[in-house]
There are 2 protein chains.
Amino acid sequence: MNISKTEQIILNILWDKHPLSVSAVIENVTKTQHWHDNTIKTLLTRLVKKGALKRFKQDKKFVYEPLISRDEIISKESEGFLDQFFGGKMAPLVAHFAQHKKLSKKEIQDIKKILEDMEKNDD
Amino acid sequence: MNISKTEQIILNILWDKHPLSVSAVIENVTKTQHWHDNTIKTLLTRLVKKGALKRFKQDKKFVYEPLISRDEIISKESEGFLDQFFGGKMAPLVAHFAQHKKLSKKEIQDIKKILEDMEKNDD
DNA sequence: ACATTTCAACTACAACTGTAGTTTAATTTT
DNA sequence: AAAATTAAACTACAGTTGTAGTTGAAATGT
């Protein structure tokens, strides 16, 4: 299954909260994207067809919810991304962001903490 | 400019080494992809048309080289990726990989080192 | 110079994507 | 119940992408 960029935006919303009616999805999407209603409906339909969403009637209206997990997609996409641009390694990614000053002090601390916790709970 | 996944593979090769002749590109690509020669040629042509590569004759044969920098594309793609999946923050990305045990001990050390260096050379 | 091999250019084509418009069916309002 | 509104389904259409095939031009071997 392949999820396009626009479809991904719909999925992100439904991962946050579901099930959602068409109108609720539209409302959420249009907060950030200037899309026509029908465009959003098309995307929903395509996602159902792809098996990424399921829909069912609730209160006489269709509602949608994800069939694939955020984690599943994130894992797939992350690996592809890392392979494509950083030879599959995290370190160069971090280095890239470091070089471009995309990391705040707080973020650095957060990341270090994550890594240290990880070292502790070593298994 | 938008680079597709397959095009990206071609670019990756040319960033490593350039200029390269068509046959050299083909040779490199087919190490990892089972693509027909013409497919690779099409990709090269499209990349030229997009302005991502330029080509010129060398020794009576065309050779190709990148017009856009790896860093440029990586920056763009990385940000898009991070926004799409991790709310634009690195920490959750690291956490994701940590959770999925995708980080070796050595990598953890490497990343920590990068972060610490960064804290030192603070500006 | 002609045949052969190699390059390069041009053409093809279906699936997927972005982006809706149009038609039909269901629900709600008066 | 007829009219109005809303929801759902169906249709459209050009651009991009993956994946080559075909044709024509140039270089090389004999």
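By convention in this document, chain letters (A, B, ...) are assigned in the order of the sequence lines, proteins followed by strands, and residues within each chain are numbered from 1. Please read these numbers as outputs of a predicted model, since none were measured by experiment.
- Counting non-hydrogen atoms under 4.0 angstrom, Thr45(A) reaches nothing in the nucleic acid.
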* Kindly indicate, with the supporting measurements, whether the criterion side chain to side chain contact (heavy atoms under 4.5 Å, CB included) is fulfilled by Lys112(B) and Glu116(A). => CA-CA 9 Å; Lys112(B) 276 174 71 179; Glu116(A) 274 149 23; 3.6 Å; yes

* Any chance you could lay out the side-chain hydrogen bond (donor to acceptor under 3.5 Å, both in side chains) test for Gln109(A) and Glu119(B), step after step, and finish with the verdict? => CA-CA 10 Å; Gln109(A) 289 309 320; Glu119(B) 282 178 317; 2.5 Å; yes

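- Judged by distance alone, with hydrogens and angles left aside, the side-chain atoms of Glu7(A) form a donor-acceptor pair with the main-chain N or O of Ser4(A) at under 3.5 Å.
- Note that the CE atom of Met1(A) and the CD atom of Glu72(A) stand 7.0 Å from one another [nearest 0.5 Å].
- What separates CD1 of Ile40(A) from P of dA7(D) is a distance of 14 Å, to the nearest Å.
- Between Arg55(A) and dA9(D) there is a side-chain polar atom (N or O) within less than 4.0 angstrom of OP1 or OP2.
- Within residues 59-69 of chain B, the residues that have a heavy atom under 4.0 Å from DNA chain C are, in order of number, Lys61(B), Phe62(B).
- Salt bridge annotation for Lys41(B)-Asp37(B): absent, with no cationic side-chain nitrogen under 4.0 angstrom from a carboxylate oxygen.
- Sorted by first and then second residue, the pairs that involve residues 11-26 of chain A and meet side-chain hydrogen bond (donor to acceptor under 3.5 Å, both in side chains), not counting sequence neighbours, are Asp16(A)-Arg70(A), Ser21(A)-Ser23(A).
- At a non-hydrogen distance threshold of 4.0 Å, Ser4(A), Lys5(A), Thr6(A) from residues 4-11 of chain A come into contact with DNA chain C.
- Asp37(A) has its CG atom 11 Å from the C1' atom of dA7(D), to the nearest Å.
- Between Ile26(B) atom CD1 and dT6(C) atom P the separation is 13 Å, expressed in whole Å.
- To the nearest angstrom, C1' of dG24(D) lies 13 Å from NZ of Lys41(B).
- Summarising the geometry, atom NZ belonging to Lys89(A) is positioned 9.0 Å from atom NZ belonging to Lys106(B); distances are rounded to the nearest 0.5 Å.
- Contacts of Thr42(A) with the nucleic acid, taken as non-hydrogen atoms under 4.0 Å apart, include base atoms.
- When rounded to the nearest whole Å, the span between CG of Asn38(A) and C1' of dA8(D) equals 10 Å.
- When rounded to the nearest whole Å, the span between NZ of Lys57(A) and C1' of dA9(D) equals 11 Å.
- Atom-to-atom, NE2 of His34(A) to P of dA20(C) comes out at 12 Å; the value is rounded to the nearest Å.
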* To do: In sequence, state the C-alpha distance, the side-chain angles, and the governing distance for Lys76(B) and Asn2(B), and then conclude on side chain to side chain contact (heavy atoms under 4.5 Å, CB included).
  => CA-CA 10 Å; Lys76(B) 201 183 122 212; Asn2(B) 217 45; 4.0 Å; yes

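- Contact between the side-chain N/O atoms of Asn2(A) and the OP1/OP2 oxygens of dT17(C) is found at a separation under 4.0 Å.
- Residue Lys50(A) has a polar side-chain atom (N or O) positioned under 4.0 Å from OP1 or OP2 of dT17(C).
- For Leu47(A) and dC16(C), the CG to P distance is 13 Å, given to the nearest whole Å.
- Expressed to the nearest 0.5 Å, how far CG of Asn28(B) lies from CD1 of Ile10(B) amounts to 9.5 Å.
- Checking dA9(C), dG21(C), dT19(D) against every side-chain atom of Thr39(B), the shortest atom distance belongs to dT19(D).
- Note that the CD1 atom of Ile74(B) and the CZ atom of Phe81(A) stand 7.5 Å from one another [nearest 0.5 Å].
- Map Arg46(B) and Val22(B) each onto its nearest nucleotide of DNA chain C; the residue landing nearer the 5' end is Val22(B).
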